[in-house]
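Everything below concerns the one structure shown next.
All heavy atoms count here, side chains included; hydrogens, waters and symmetry mates do not.
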Amino acid sequence: MTSEPFSLTRFQALADAYGGVIARWPDDEKDDALRLSRTPQGRTILADALNLDEALDGWRIPVPSSALAARVLAGAPRTSIARSVKLWWAAIGMTVALSGATAGIAATTILTPASQADSMTVFGDLPTGSDSNG
């Protein structure tokens, strides 16, 4: 329960949020709500909430006409087969490129002899500072 006393303002807020049936309200509010529902103000609030509940329960959305459905479908974006095929080819191309890069890195790593790996650079087997005669 809330620390503040249960008031008609709180009762009205709960009726606005949960409707005119107290059984639908939060469990920790029901005892105080039942007590207030016996007062003339509480009965008025619940009656108004029940009227709104009945109005909302009776409201139905009309079925759209076939003309409206046709206009909506006519305005919907279309995906062409050519566009789908282009996307597939792009995906296949990216897959092939990434596979090639991965295979190249793996081959370089596996095929490089361990004795040369320390002295190699990206430019080839260049002499390091300790190998030069200068």
query = Roughly how far, to the nearest 0.5 Å, is the CG atom of Leu56 from the CG atom of Leu52?
reply = 4.5 Å
query = Do you know the tightest heavy-atom contact between Leu14 and Pro26?
reply = CD2-CD, 4.2 Å
ask   = With a 4.5 Å heavy-atom cut-off, do Arg35 and Phe6 have their side chains touching?
value = yes
Spacing of Ile45 atom CD1 and Leu8 atom CG [to the nearest 0.5 Å] = 5.0 Å
request  = Spell out, as yes or no, whether a donor-acceptor pair under 3.5 Å connects the side chain of Asp53 to the backbone of Gly20.
outcome  = yes
task = Indicate the atoms forming the closest heavy-atom contact of Pro64 with Leu68, along with that distance.
result = CB-CD2, 3.7 Å
request  = Indicate yes or no: at least one non-hydrogen side-chain atom of Val21 is less than 4.5 angstrom from one of Leu50.
outcome  = yes
key: Heavy-atom side-chain proximity of Thr95 to Ser99 below 4.5 angstrom   = yes
note = Correct closest heavy-atom pair for Lys30 and Asp27 would be NZ-OD1, 2.9 Å
query = Is Val85 reachable from Val96 through a run of I, L, V, M, F, W or Y residues, each pair having side-chain heavy atoms under 4.5 Å apart?
reply = yes
ask   = What heavy-atom pair brings Arg38 and Arg43 nearest, and what distance separates the two atoms?
value = O-NH1, 2.6 Å
key: Residue pair Ala33 / Phe11: nearest heavy atoms and the distance that separates them   = O-CE1, 3.3 Å
request  = Locate the shortest heavy-atom distance separating Ser7 from Leu36; write the atom from each residue and the value.
outcome  = O-CD1, 3.6 Å
